[in-house]
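The structure appears right after this line, and notes come after that.
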Amino acid sequence: MSIKAPRGTKDILPSEVPQWQMFEAKVREVCKLFGYSEIRTPIFEHTELFQRGVGETTDIVAKEMYTFLDRGKRSLTLRPEGTASVARAYLEHKMQGEAQPIKVYYLGPMFRYDRPQAGRYRQFHQFGVEVFGTKEPTVDAEVIMLPVFFFQALGLKEFTLEINSVGCPRCRQAYRQQLQEALKERVPKLCSDCAERYEKNPLRILDCKNEKCKELVQDVPLLTGALCAECAAHFAQVKQALDALGQEYVVNPRLVRGLDYYTKTAFEIISPALGAQSSICGGGRYDNLLATIGGPDIPGIGFALGIERVLAALEAEGISRKAPDVPDIFVATAGVPEAEALKVTMQLREAGLAVDKDYLGRSLKAQLKFAGRKGIKYVIILGDEELKNGQATVRDMQAGSQEVVSLKELAAHLAGLLRGAE
RNA sequence: GUGGGUGUAGCUCAGCUGGUUAGAGCACCAGAUUGUGGCUCUGGGGGCCGUGGGUUCGAGUCCCAUCAUCCACCCCA
């Protein structure tokens, strides 16, 4: 075998597609309940959108983008995430002129040039939601509750919600200095990654998994304690709203989002059933994103959730997969021309029945075996004997019983059987 | 980008310290039953042993490289 799917990509095979369709149907159902409309944006955008929106210093922009020049020498990038595109569409179509807030969801592939591992792909799929035009803390609570509600609707049981506030540029800047001050002496003792983070993005040091770093930053002041009055009040109201709903959560002051655009509320949902890539949903508020990409000062909030990871979590929890669809009826031949069998097959389809037939010229025995393996409920046996009388045999594969039915009444007879079987 | 594990039939895997034509189970196809599946039995098709180099009289087996894959770091969904 020479050509394979590119590294980090994979085929979603017919046996898996029903599970994806179930997932997508659930997305649409829940979004409808919450009042969100679907939006579909292009799969690639001008590179500049992500550079400005996601942030030059983020790993995503610095080293994970699929960027290329098109024939007109434009620099384009396969979208690494959805929020920037939706924000761009909001501005481009002047949605600030419509009734606010704008609540949308999207579903589709994203691309990041990462090293693949369990739960991490170069082409992966996200379901995400964005709300523009309100900075109300209760909308933060709604955006947090949507994925929680969604996971419950899927039957997922094992997940934990973590929340934090990363403040606004003002309090974050002040905190950053406070943190650097506190860590000054300890820099040489930190791991090499954290030593680098000390200058670039000291907040990330709080999130380091290295045991030694964890210990060293234990007594350091936390961002939650350094929030400005406005951010602190906002965070308190978000928590209050979640409390009022009876929603459990863990405040994780070390939860730091990687993308530059986040402000105030940040949250993450984690599945303990997964490996190292255990985050199944991440989101938060981004009150400066629209302004950053050249729009008016309009707040926003959203989340994105990794479909492959959620499906893996369902699998790990043993939640049954949706089985692939099989036709209800199979037309088998025994000594009659194939054209005749195709004609009967088409007639049944025209009557609204899901029907397939043999295309390998196999023996009747092999055709029955095939239908049995596939789990097809009824097999029509077209034999020359019956056909002479304008009849066919209908075999119930589960019961092993069969009866002779006239071709004229065949469709109605089968429809009746299928209705009865439901 | 860094580290470790693994690449033999469609799938899961054997193949002892290198030794003639590379095996099993499942799956697939056919027959036993010349018009009747699920059980059983019999037979059959399928492998440049990931790829390229090297060591050797001889390599699936040893060495190097490369690619792919898995897991972890990093990062994130």
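The sequence lines fix the lettering, A, B, ..., with proteins before strands; numbering per chain opens at 1. In what follows, every heavy atom counts, from backbone to side chain, and hydrogens, waters and symmetry copies are set aside.
- B:rU6 and B:rG60 have their C1' atoms separated by 15 Å, given to the nearest Å.
- The distance between atom OH of A:Tyr106 and atom C1' of B:rA77, rounded to the nearest whole Å, is 9 Å.
- Of the candidate nucleotides B:rC75, B:rA72, B:rG37, B:rG37 has the atom lying nearest to any side-chain atom of A:Met397.
- Within residues 38-64 of chain A, the residues having any heavy atom closer than 4.0 Å to RNA chain B are, in order of number, A:Asp59, A:Glu64.
- Closest contact between the side chain of A:Gln117 and the listed nucleotides B:rC74, B:rC76, B:rU36 involves B:rC74.
- The distance from atom CZ of A:Arg309 to atom P of B:rC76 is 11 Å, rounded to the nearest whole Å.
- Straight-line distance between the P atoms of B:rU33 and B:rU42: roughly 16 Å, to the nearest whole Å.
- A:Gln126 has its CD atom 18 Å from the P atom of B:rC75, to the nearest Å.
- Residue-to-nucleotide contacts include a donor-acceptor pair under 3.5 Å from the side chain of A:Glu386 to the base of B:rG35.
- At a threshold of 4.0 angstrom between heavy atoms, the contacts of A:Gly8 are confined to the sugar-phosphate backbone, with no base atom among them.
- Contact annotation for A:Ala371: no contact, since no heavy-atom pair falls under 4.0 Å across all strands.
- Going from atom CG of A:Leu360 over to atom C1' of B:rG45 covers 15 Å, rounded to whole Å.
- When the C1' atom is used for both B:rA22 and B:rG47, the distance is 8 Å, rounded to whole Å.
- Residue A:Tyr121 is classed as a base contact, given a heavy-atom separation below 4.0 Å to a base.
- The listed nucleotides are B:rC71, B:rC75, B:rG35; the one nearest the side chain of A:Gln277 is B:rC75.
- A:Ile307 comes within contact range of no nucleotide atom at all, as no heavy-atom separation falls under 4.0 Å.
- Atom C1' of nucleotide B:rA77 and atom CD of A:Glu130 are separated by 13 Å, given to the nearest angstrom.
- Remark: aromatic rings of A:Tyr105 and A:Phe150 are distant, center separation not under 6.0 Å.
- Across B:rA77, B:rG35, B:rA72, the shortest atom-to-atom separation from the side chain of A:Ser279 is found for B:rA77.
- Distance check on atom C1': B:rA59 versus B:rU69 gives 24 Å, rounded to whole Å.
- Comparing B:rU33, B:rA72, B:rC74 by their nearest atom to the side chain of A:Ala276 picks out B:rA72.
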Could you list, one pair per line, each protein nitrogen or oxygen that sits under 3.5 Å from a nitrogen or oxygen of nucleotides 26-28 of chain B, together with the distance?
{"unit_1": "B:rC28", "atom_1": "OP1", "unit_2": "A:Arg373", "atom_2": "NE", "d": "2.7"}
{"unit_1": "B:rC28", "atom_1": "OP1", "unit_2": "A:Arg373", "atom_2": "NH1", "d": "3.2"}

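- A donor atom on one side chain and an acceptor atom on the other are not found under 3.5 Å apart for A:Thr134 and A:Glu136.
- For the pair A:Pro169 and A:Thr263, the tightest heavy-atom approach, listed with the atom from each and the gap, is CD-CG2, 4.4 Å.
- Ranking B:rG31, B:rA68, B:rG35 by closeness to the A:Arg7 side chain, first place goes to B:rA68.
- In this structure, a donor-acceptor pair under 3.5 Å is present between the side chains of A:Asp140 and A:Thr265.
- A:Ile280 comes within 4.0 angstrom of sugar-phosphate atoms only, judged by non-hydrogen atoms across all strands, and of no base.
- Set against B:rA77, B:rG31, B:rG35, the side chain of A:Arg120 has B:rA77 as its closest nucleotide.
- Rounded to whole Å, the separation between the C1' atoms of B:rC29 and B:rG37 comes to 16 Å.
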Note to self: Taking Watson-Crick (N1-N3 plus N6-O4 or O6-N4) and G-U wobble (N1-O2, O6-N3), each under 3.5 Å, can you produce the dot-bracket string of RNA chain B? Use [ ] for crossing pairs and | for inter-strand ones.
What the structure shows: (((((((..((((.....[...)))).(((((.......))))).....(((((..]....))))))))))))....
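- Rounded to whole angstrom, the span from the CZ atom of A:Arg122 across to the C1' atom of B:rG1 amounts to 11 Å.
- Between A:Phe370 and A:Phe330, the ring-plane angle classifies as tilted under the 30° and 60° cut-offs.
- Between the side chains of A:Thr393 and A:Gln402, no donor-acceptor pair of N or O atoms lies under 3.5 Å.
- The phosphate of B:rC75 (OP1 or OP2) has no side-chain N or O of A:Arg115 nearer than 4.0 angstrom.
- Separating the C1' atom of B:rG15 from that of B:rA24 is a span of 11 Å, rounded to the nearest Å.
- For A:Glu130 and A:Thr83, the side-chain atoms include at least one donor-acceptor pair closer than 3.5 Å.
- A:Tyr121 and A:Asp114 share no donor-acceptor pair across their side chains, judged by distance under 3.5 Å alone.
- With no hydrogens or angles considered, no side-chain donor-acceptor pair links A:Ser271 and A:Ser278 at under 3.5 Å.
- Counting any heavy atom pair closer than 4.0 Å across all strands shown, A:Gly282 reaches sugar-phosphate atoms only and no base atom.
- The base of B:rU36 sits with one of its N or O atoms less than 3.5 Å from a complementary donor or acceptor on the side chain of A:Gln402.
- Between A:Arg395 and A:Gly119, the residue whose closest nucleotide on RNA chain B is further toward the 5' end is A:Arg395.
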